[in-house]
Participant: 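First the structure, then my questions, so here it is.
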There are 2 protein chains.
Amino acid sequence: MAEPMYRMIAQDLLEKIQSGTVRPGEQLPTELELRDSYSASRNTVRDAVKWLATRGVVETRPGQGTFATQRIEPFVSTLSADPETGLSGMEGAGWLSEVSGRGRAGMASAPRVEVRVAPRYIAERLHVAEGTQILTRQQERYIDRTAWSLQTTAYPMELVAQGATRLLMAEDIPEGTVAYLRDTLGLKQVGHRDRLLVRPPDENEVRFFKLPDDGRVSVVVVVRTGYRTSSEGLVPFRVTFTVFPADRNQFVINYGCVPGGEPPGPAEG
Amino acid sequence: MAEPMYRMIAQDLLEKIQSGTVRPGEQLPTELELRDSYSASRNTVRDAVKWLATRGVVETRPGQGTFATQRIEPFVSTLSADPETGLSGMEGAGWLSEVSGRGRAGMASAPRVEVRVAPRYIAERLHVAEGTQILTRQQERYIDRTAWSLQTTAYPMELVAQGATRLLMAEDIPEGTVAYLRDTLGLKQVGHRDRLLVRPPDENEVRFFKLPDDGRVSVVVVVRTGYRTSSEGLVPFRVTFTVFPADRNQFVINYGCVPGGEPPGPAEG
DNA sequence: GCAAATTTGTTCGTATGTATT
DNA sequence: CAATACATACGAACAAATTTG
């Protein structure tokens, strides 16, 4: 008896789920039934169920029961620019076309526009003083009616003063803000940098994405900084934070010549 | 009493940790001490500690006690190629130079070379029949003596027959295999695709990276597929799976002209 | 090297609260 | 309102891992 009883019960239930004896979404026996069938105390079967819940194998609903979790069909976003349109899967129209191109229904909220002073983590990336006025545009995106990503882009208010007034409008800029700023101000983005990191979700993200309230499901944050040339060399002029729940998102980056079409399915190794 | 007692205890301990009253790595009071100071039963303080442990705030060590967790200093890997060397932060010498360039000590094991039949997920990506002979090279990488990533690259055995015999040697190819295959076989990689996904670690990964045995810390898998041209168009000729623990790794991708030097610090938004 | 003390881990039993049907 | 199912809380005992003397 190297393994404690609650682990053996958990293992047995896990096998029933992985083998398909209990299908995704299906209800497991109640705690009292499990107590009888495994001849253990209710607390012990609860330990087993909690072990599985922590690992995302089952979820418990008070008053209802314990259920095998459903896997969400992941969506693959292309971070590199489409060679045809020059848009990546993160910008307005590029995102929508990528979603519908995969036969899924995309929906983006109207941007929530705010003017505020730059917090430290934005000021650092825009190379402005902490407390400088900035403009943020926040958009919620849904795929197949499920919350999928949360995007916030920050610009220096300077750009609005220079004439990029559409940034202030709470409406989409379908051609993408990079193209808009180029056409309006002659501001050319000569390059950009993406930074990816994985962290536990904060409270807002748990609520918006309906994530389990333990930190089990992480979010991927893509920080995209756009650069232009100036007398001081390359300087940032916009930064975008996009938050993706890690359980329903994958990313693709293409370099040079690669075949088009569907990227391959999920990876094991 | 909206909040259950174990949550209030957990909240109180969390604040002590976040405010620095209990420093990272420091030991918390024992369960019996907590039971007395909160006037609760030992099982209830255990529920509180477990709630914190699930979220990675504390870790418990049998026979020792409960400790506030230490954050690992993340390492940032550049996925895009260095404009100077043409190497990315994932290939042999490119990786080492990126690590030492940040003032950290990198160490890579000698590759473990294996010849085997292609499992499905590799066969799919190399566009060969399941069961075809392939060559895999697996390397373990350490930073500051901590296990940092696990990389496996698969090639069709065909390449060895054509003369790329150094692939069979259990030793590094410092110039990178892409350059080696080009110089030896004239095989030119015209592009590649990276696919990133986040998933819970498997048993091997938990052991190698010393991750907590619940699925709390995920791993990031970077699947890199290299393409060459042939009479049938673009075809894959190598695929690399690199596994990174998400708690100690970040990624950067540069497009076009971007400033060099240190990328900015960790993100909040 | 061993024994004792300390600390967390497992398991039982029981009672009551809260959410859902 | 009643029945059902999970959630919280208490108490108790023994097991297993680690450190200390």
Side-chain angles (χ1 to χ4, degrees), chain A residues 1-14 16-17 22 25-70 206-207 210 212-214 216, chain B residues 1-14 16-17 22 25-70 206-207 210 212-214 216:
Chain A
M1 248 233 274
E3 290 281 283
M5 192 189 306
Y6 81 98
R7 291 286 293 271
M8 293 184 357
I9 297 174
Q11 190 59 37
D12 192 66
L13 291 171
L14 180 62
K16 280 198 170 60
I17 290 169
V22 179
E26 201 178 325
Q27 182 169 7
L28 271 68
T30 69
E31 291 175 353
L32 296 184
E33 287 167 341
L34 290 173
R35 165 179 61 109
D36 294 340
S37 63
Y38 287 107
S39 307
S41 79
R42 187 178 157 226
N43 278 334
T44 301
V45 306
R46 268 181 68 74
D47 282 346
V49 169
K50 180 170 284 181
W51 192 87
L52 294 169
T54 302
R55 285 158 184 74
V57 179
V58 302
E59 60 183 320
T60 58
R61 306 191 202 127
Q64 296 187 51
T66 305
F67 301 82
T69 49
Q70 307 244 29
V206 165
R207 212 174 20 251
K210 299 194 206 317
D213 80 334
D214 52 18
R216 195 166 44 70
Chain B
M1 246 235 275
E3 289 281 280
M5 190 190 304
Y6 81 96
R7 291 286 293 271
M8 294 187 350
I9 296 174
Q11 190 59 36
D12 191 66
L13 291 171
L14 179 60
K16 280 198 170 62
I17 290 169
V22 177
E26 202 179 324
Q27 182 168 8
L28 273 68
T30 68
E31 292 175 353
L32 296 184
E33 287 166 344
L34 291 173
R35 163 179 63 108
D36 293 341
S37 63
Y38 288 106
S39 307
S41 76
R42 181 177 163 227
N43 278 333
T44 301
V45 305
R46 268 180 68 76
D47 281 347
V49 169
K50 181 170 283 182
W51 191 87
L52 294 168
T54 303
R55 285 156 185 75
V57 179
V58 303
E59 60 182 321
T60 58
R61 305 188 204 132
Q64 296 188 52
T66 304
F67 301 82
T69 49
Q70 307 244 30
V206 165
R207 210 175 20 250
K210 300 194 206 314
D213 81 332
D214 51 16
R216 194 167 44 72

Participant: What side-chain hydrogen bond (donor to acceptor under 3.5 Å, both in side chains) pairs are there with at least one residue in residues 55-68 of chain A, not counting sequence neighbours?
Facilitator: none
Participant: Using the test side-chain contact (heavy atoms from CB on, under 4.5 Å), find all partners of Pro212(B) that sit at least two apart in sequence or belong to another chain.
Facilitator: Asp214(B), Arg216(B), Val217(B)
Participant: Using heavy atoms to find the nearest nucleotide of DNA chain C for Tyr6(A) and Pro62(A) separately, return the residue whose nucleotide is more 5′.
Facilitator: Tyr6(A)
Participant: More 5' along DNA chain C: Gln64(A) or Gly63(B), using each one's nearest nucleotide?
Facilitator: Gly63(B)
Participant: For residues 25-37 of chain A, pull every pair meeting salt bridge (Lys or Arg N to Asp or Glu O under 4.0 Å), keeping only residues two or more places apart or in separate chains.
Facilitator: Glu31(A)-Arg42(A), Glu31(A)-Arg46(A)
Participant: Nearest 0.5 Å please: distance from the CG atom of Leu52(A) over to the OG1 atom of Thr69(A).
Facilitator: 9.5 Å
Participant: State which residues pass side chain to side chain donor-acceptor pair (under 3.5 Å) with Arg207(B); sequence neighbours excluded, sorted by chain then number.
Facilitator: Asn204(B)
Participant: What is the separation between atom CZ on Arg61(B) and atom C1' on dT6(C), rounded to the nearest whole Å?
Facilitator: 16 Å
Participant: Please give the angle, rounded to 10 degrees, between the axes at the start and the end of the helix from dC2(C)-dG21(D) to dT21(C)-dA2(D), where five pairs define each axis.
Facilitator: 20°
Participant: Going by number, which of residues 50-60 of chain B have a non-hydrogen atom under 4.0 Å from DNA chain C?
Facilitator: Thr60(B)
Participant: Between dT21(C) atom C1' and Phe67(A) atom CZ, what is the distance in whole Å?
Facilitator: 11 Å
Participant: Would you mind reading off the distance between Asp47(B) atom CG and dC10(D) atom P, rounded to a whole angstrom?
Facilitator: 10 Å
Participant: Specify the separation, in whole Å, of atom CD of Glu3(A) and atom C1' of dT10(C).
Facilitator: 13 Å
Participant: Considering residues at least two apart in sequence or located in another chain, which fulfil the side chain to side chain donor-acceptor pair (under 3.5 Å) criterion with Gln11(B)?
Facilitator: Glu15(B)
Participant: Run the side chain to side chain donor-acceptor pair (under 3.5 Å) test against Thr54(A) and tell me which residues pass, sequence neighbours left out.
Facilitator: none
Participant: Could you list by number each residue of residues 27-46 of chain B showing a heavy-atom separation from DNA chain D of less than 4.0 Å, or answer none if no residue does?
Facilitator: Ala40(B), Ser41(B), Arg42(B), Asn43(B), Thr44(B)
Participant: Out of dA17(D), dC12(C), dT10(C), which has the shortest distance to the side chain of Met5(A)?
Facilitator: dC12(C)
Participant: Say you draw a straight line from CG of Leu13(A) to CH2 of Trp51(A); how long is it, rounded to the nearest 0.5 Å?
Facilitator: 10.5 Å
Participant: If the condition is salt bridge (charged side-chain N to carboxylate O under 4.0 Å, His left out), which residues does Asp47(A) pass it with, not counting sequence neighbours?
Facilitator: none
Participant: Taking side chain to side chain donor-acceptor pair (under 3.5 Å) as the definition, give me every residue that meets it alongside Ser37(A), ordered by chain and number, with sequence neighbours left out.
Facilitator: none
Participant: With sequence neighbours left out, write down each residue that passes salt bridge (charged side-chain N to carboxylate O under 4.0 Å, His left out) with Lys16(A), or none if nothing qualifies.
Facilitator: Asp12(A)
